[in-house]
Amino acid sequence: MFDLKWIRENPEKFDNALVKRHLPPHSAEILALDEDRRAHVAKLQEAQTRRNAASKEIGRAKSSGDEKTAQALIDEVADLKTEIQDGEEEERRLSEALNDILSSLPNRPLDDVPVGKDEEANLLVRQVGEPPEFAFEAKQHFEIGEALGLMDFETAAKLSGARFVVLKGLLARLERALAAFMLDLHTDEFGYREIAPPFLVRDATMFGTAQLPKFADDQFRTEDGFWLIPTAEVPLTNLVRENIVDEDELPLRFTAYTPCFRLEAGAAGKDTRGMIRQHQFSKVELVSIAHPDQSLEEHERMTSCAEEVLKRLKLPYQVIVLSTGDMGFAARKTYDIEVWLPGQNMYREISSCSVCGDFQARRMNTRFRVKDAKDLRFVHTLNGSGLAVGRTMVAILENYQQEDGSVLVPEILRPYLGSAERITAS
RNA sequence: GGAUGGGUGGCCGAGUGGUUGAAGGCACCGGUCUUGAAAACCGGCAGGCGUGCAAGCGUCUCGAGGGUUCGAAUCCCUCCCCAUCCGCCA
């Protein structure tokens with residue numbers, strides 16, 4: 001969502017941002033609507049002013065017993081009434097039209113975001129860790145998991161169809177261990193507050209983080225009108241919807257371990273095998289509600305918090321900055337963290353950390369009161385995966401695989417797995 | 001699913017047709033007092049939109065929309081949301 005006043009003053013910047021996102025310019029259309037709307041508002045308010053003045057006079061006339069003057073004024077006001085009603089309706093219509101456009105346009109990329117058509121234009125920021133060398137041919141995670149008898153896609157298909165998995169034994173426990181490890185790290189060391197949020201939310205919540213109205217087709221919806229969250233970003237960010245928060249409690253940092261549900265409507269044929277792309281996966285999410293002056297700094301910090309998970313798991317990864325063509329709708333800038341997958345011989349996304357500026361805050365109407373001034377400003381919001389648990393498991397299986405088909409447990413996870421050092425066929 | 005009661009400013013909470021955009025309290029801001037702080041006292045303090053260089057002016061908003069009325073937070077209708085009790089249930 002955008003600030004109309006800002007668009008009025010910076011139409012060319014606004015359009016440039018859209019062009020960077022490979023969308024046609026919209027400022028002319030928006031400003032025409034806006035101008036129309038303001039003209040109507042002015043006219044409407046004028047009529048309202050006259051009505052209000054007349055109403056007051058009616059009160060005075062009546063109380064002084066001047067029925068004749070009162071009646072004349074009443075007749076005058078009756079005419080104004082239809083004018084006002086028509087004006088209100090027109091104003092509502094124009095405001096809605098304006099809102100429909102504004103809420104369907106993506107956020108403006110920051111200036112330092114590489115401009116490009118798609119992921120080809122993403123830029124490498126840094127690489128950390130060395131891909132492991134194997135004396136044998138590295139397998140993909142699903143080969144490893146299935147051979148261990150702990151990862152079962154066939155049974156999952158029986159239960160739920162494609163893009164689901166059943167994990168068993170130590171792999172099921174590994175999922176829980178990873179979540180616990182990540183949450184402990186983010187809460188104990190990085191100051192995030194652990195939240196256990198609802199996984200079903202309503203329209204307004206999905207609108208707040210901008211899944212709605214544009215991406216309804218990517219979401220699961222219950223018959224009762226609830227949406228299954230596609231990420232904990234949705235409930236965590238909306239924790240402060242319609243709130244006025246204290247300036248000195250910023251930044252608010254939240255983390256949650258939740259399942260995420262995605263229709264993957266546009267991903268037919270992509271990553272059909274294995275756990276990479278599922279309708280349901282779990283993720284530990286990080287969300288910050290930040291002061292506008294500190295949101296960029298917070299973005300770097302959040303990214304480093306997510307990276308720390310991979311460092312401690314000793315998984316090699318790289319950080320890239322997404323190009324304007326690859327960035328999500330609400331983001332102004334996004335770092336993706338990609339983990340090395342020996343079985344695929346490539347880096348794959350395991351985390352995405354975005355700073356959204358005031359884009360979501362405007363949709364949620366989340367503000368803070370400026371100290372020593374009484375004006376209200378929109379907060380900035382950020383979100384990042386810290387990390388996607390399923391893909392982290394994939395990375396562990398592939399990076400820690402052994403020639404005999406077993407998988408070593410990263411040291412830091414062993415306390416969470418009953419001291420198990422190795423996952424073997426059961 | 002059945003039955004009630006509710007939705008008012010950052011928060012609590014008065015207010016059932018006529019300067020009520022809304023008492024009072026809390027919080028917050030400024031000041032007096034104090035060595036400093038607290039307390040006490042005095043003063044300020046809703047948001048959106050429009051207009052204006054600005055001071056300001058206008059307008060809308062008491063969950064949302066519609067209606068009655070010269071006039072609605074207050075009356076009527078529809079919808080949304082919340083709470084409590086009963087039933088069911090982890």
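Numbered from 1 within each chain, the chains take letters A, B, ... in sequence-line order. Side chains included, hydrogens not; waters and symmetry mates left out as well; all remaining heavy atoms used.
- The same atom, P, is picked in B/G9 and in B/A64; the two are 10 Å apart, to the nearest Å.
- A salt bridge links A/K168 to A/D152: one of the charged nitrogens lies within less than 4.0 Å of a carboxylate oxygen.
- Comment: A/R262 does not engage A/E264 in a salt bridge, judged by the lack of any side-chain N to carboxylate O separation of less than 4.0 angstrom.
- Spacing of C1' atoms, B/G36 relative to B/A27, comes out at 24 Å, to the nearest Å.
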Mind listing the side-chain donor-acceptor pairs of residues 159-167 of chain A below 3.5 Å, one per line with the distance, residues two or more places apart or on another chain?
residue: A/R163; atom: NH1; partner: A/K270; partner atom: O; Å: 3.2
residue: A/R163; atom: NH1; partner: A/D271; partner atom: O; Å: 3.3
residue: A/R163; atom: NH1; partner: A/R277; partner atom: O; Å: 3.2
residue: A/R163; atom: NH2; partner: A/A267; partner atom: O; Å: 2.9
residue: A/R163; atom: NH2; partner: A/K270; partner atom: O; Å: 3.0

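- In this structure, the CZ atom of A/R92 is 12 Å from the C1' atom of B/C60, given to the nearest Å.
- Nucleotides B/U59 and B/G5 place their P atoms 38 Å apart, quoted to the nearest Å.
- Which of B/C82, B/G47, B/G50 sits closest to the side chain of A/R202 comes down to B/C82.
- Contact annotation for A/K5: backbone-only contact, meaning every heavy-atom pair under 4.0 Å involves sugar-phosphate atoms and none involves a base.
- The CG atom of A/D246 sits 18 Å away from the P atom of B/C26 (whole-angstrom rounding).
- Look at B/C28: its Watson-Crick or wobble partner, with both distances under 3.5 angstrom, is B/G44.
- Among the atoms of the strands shown, none is found under 4.0 Å from any heavy atom of A/R362.
- A/R367 comes within contact range of the sugar-phosphate backbone alone, with a heavy-atom separation under 4.0 Å but no base atom that close.
- For A/D36 and B/G50, the CG to P distance is 14 Å, given to the nearest whole Å.
- Under the Watson-Crick or G-U wobble criterion, with both distances below 3.5 Å, B/U78 is paired with B/A64.
- Rounded to a whole angstrom, the distance from the C1' atom of B/C60 to that of B/C12 is 26 Å.
- Comparing atom distances between the A/Q48 side chain and each of B/C60, B/U51, B/G58 picks out B/C60 as nearest.
- To the nearest whole angstrom, the two C1' atoms, one in B/G24 and one in B/C79, are 34 Å apart.
- Separating the CD atom of A/E96 from the P atom of B/G65 is a distance of 11 Å, rounded to the nearest angstrom.
- Between A/E96 and A/R92 there is no salt bridge, since no side-chain nitrogen of the basic residue lies less than 4.0 Å from a carboxylate oxygen of the acidic one.
- Partner assigned to B/A90 is none, using Watson-Crick or G-U wobble distances below 3.5 angstrom.
- Base pairing annotation: B/G36 forms no Watson-Crick or G-U wobble pair, as no partner gives both donor-acceptor distances under 3.5 Å.
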